[in-house]
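The chains referred to below are lettered A, B, ... by the order of the sequence lines, with proteins before strands, and numbering in each begins at 1.
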There are 2 protein chains.
Amino acid sequence: MAEHTVKAFDSEISQLRGLIAEMGGLAEVAIRDAVDALARHDEDKAKQIVAADARIDALEAEVDRLAVRVIALRAPMADDLRDVIAALKISGVIERIGDYAKNIAKRVGHMEGRAKIGPLTLVPAMAEIAQGMVRDVLNAYGARDSLLAIEVINRDEKLDNFYNSLFRNLVTHMMENPATISSAAQLLFVARNLERIGDHATNVAEMVYFAATGQYFSEKDGPRDTSGVV
Amino acid sequence: MAEHTVKAFDSEISQLRGLIAEMGGLAEVAIRDAVDALARHDEDKAKQIVAADARIDALEAEVDRLAVRVIALRAPMADDLRDVIAALKISGVIERIGDYAKNIAKRVGHMEGRAKIGPLTLVPAMAEIAQGMVRDVLNAYGARDSLLAIEVINRDEKLDNFYNSLFRNLVTHMMENPATISSAAQLLFVARNLERIGDHATNVAEMVYFAATGQYFSEKDGPRDTSGVV
């Protein structure tokens with residue numbers, strides 16, 4: 001590429017990274033707020049989170065448009081092309097993370113008898129792990145930090161263990177409290193959504209590792225699903 | 001593009017479409033087999049489905065590689081570039097559909113007391129709708145058939161209604177049969193996975209509609225999630 005083209009390309013790549021950082025920040029906040037709305041039974045906040053997800057979707061569309069334009073105008077090669085494709089893929093994953101947070105928010109209004117569901121008090125701690133994985137994988141992406149990426153990947157096991165334990169807790173609770181089964185079932189999905197957020201953060205971490213080192217961290221097998229209970 | 005480049009490009013696009021058709025066929029079979037294994041408690045078959053998912057993942061990686069090569073070598077513009085990007089996105093969605101089928105298969109071994117769970121008998125009919133949506137959206141993609149794409153989009157509501165009804169059924173069953181709550185909870189996830197497969201087929205249908213007509217079918221808002229129960 002000619003020098004002015006290189007400069008334009010660099011500025012466009014920065015713009016892509018900026019959009020992804022913005023998406024990630026919104027997704028992270030959405031996770032925290034959704035679980036907070038769930039814990040405090042705040043239906044208004046839940047509605048705001050559902051509405052705010054449209055902004056994440058719009059940012060993904062912007063990343064798509066910009067990435068396609070960069071490819072079309074600059075015809076980047078090798079590493080540069082890989083950078084653009086990575087932006088396309090990562091924005092898709094963050095959009096899904098936003099969807100999981102939105103889905104948690106949607107359940108806030110379906111929690112009749114929630115005060116009696118003891119395991120609900122465990123959810124914020126689980127959410128904090130998931131949210132931290134999203135925050136750190138975005139930092140790793142921004143800084144091309146392969147060590148931080150590995151750290152995120154390793155944290156997924158902790159989240160899976162939390163999920164397995166919460167699943168068992170909820171099933172026991174259901175057996176003993178048939179009256180709140182419907183609400184406890186909503187919490188099963190919430191726990192599963194948080195577990196999936198961790199899987200997706202782990203996938204992004206693997207992409208960041210690859211981009212930073214040129215090597216695959218492990219065999220790619222789609223969003224990881226290592227939780228024992230399934 | 002020069003004539004020989006155009007020919008090479010056309011052949012590469014055909015190759016991409018062929019890979020996607022192969023992925024879609026495998027995902028469709030995986031859905032049917034997973035629910036069949038669940039209904040007949042066939043743990044061996046379930047294991048085969050989990051193992052077979054690696055082939056879908058490998059095909060996605062092949063689509064990615066080929067798409068990136070096509071972009072790098074041919075620098076396609078406008079419609080052609082959109083075609084390649086669509087292939088990249090659609091392969092990602094099919095990979096996820098395969099993951100949902102794999103996840104259903106993984107639950108086969110966790111269904112203690114399954115004979116007593118009446119709602120289990122409803123799952124194959126729900127799976128048939130989801131599987132049909134995947135099959136038809138792939139046909140719509142292959143034939144660039146916008147009418148068939150609309151038909152798939154409209155079918156999603158039926159699947160959502162099925163999900164809502166099955167969810168209520170399962171919760172009622174749980175209340176009346178505390179001993180099988182753990183297995184019934186697995187079925188909640190199975191139903192949810194099938195519902196998500198429909199959402200993803202709908203998303204592909206919207207992409208097919210866009211590719212065929214140049215117009216958006218509806219506002220994009222990520223994988224659709226229109227089921228009432230959440």
Give the C-alpha distance, both sets of side-chain angles, the deciding distance and a yes or no for side-chain contact (heavy atoms from CB on, under 4.5 Å) between B:Arg192 and A:Arg192.
-> CA-CA 11 Å; B:Arg192 176 77 181 158; A:Arg192 176 76 180 157; over 6 Å; no
Portion of B:Leu88 that has a non-hydrogen atom of chain A nearer than 4.5 angstrom |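 For B:Leu88, the contact with chain A is made by the side chain alone.
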Identify which part of B:Leu81 has an atom lying under 4.5 Å from any heavy atom of chain A, answering side chain, backbone, both or neither.
-> side chain
Would you call A:Met174 and B:Met175 a side-chain contact if the rule is heavy atoms closer than 4.5 Å?
-> no
Flag the pair A:Asp64 / B:Lys89 as yes when at least one side-chain heavy-atom distance between them is below 4.5 Å, and no otherwise.
->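 They are in contact (side-chain heavy atoms under 4.5 Å apart), so the answer is yes.
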Answer with side chain, backbone, both or neither: which region of A:Ile85 has an atom nearer than 4.5 Å to a non-hydrogen atom of chain B?
-> side chain
What part of A:Ile56 gets closer than 4.5 Å to chain B, counting heavy atoms only: side chain, backbone, both or neither?
->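 Answer is neither: A:Ile56 stays 4.5 Å or more from chain B.
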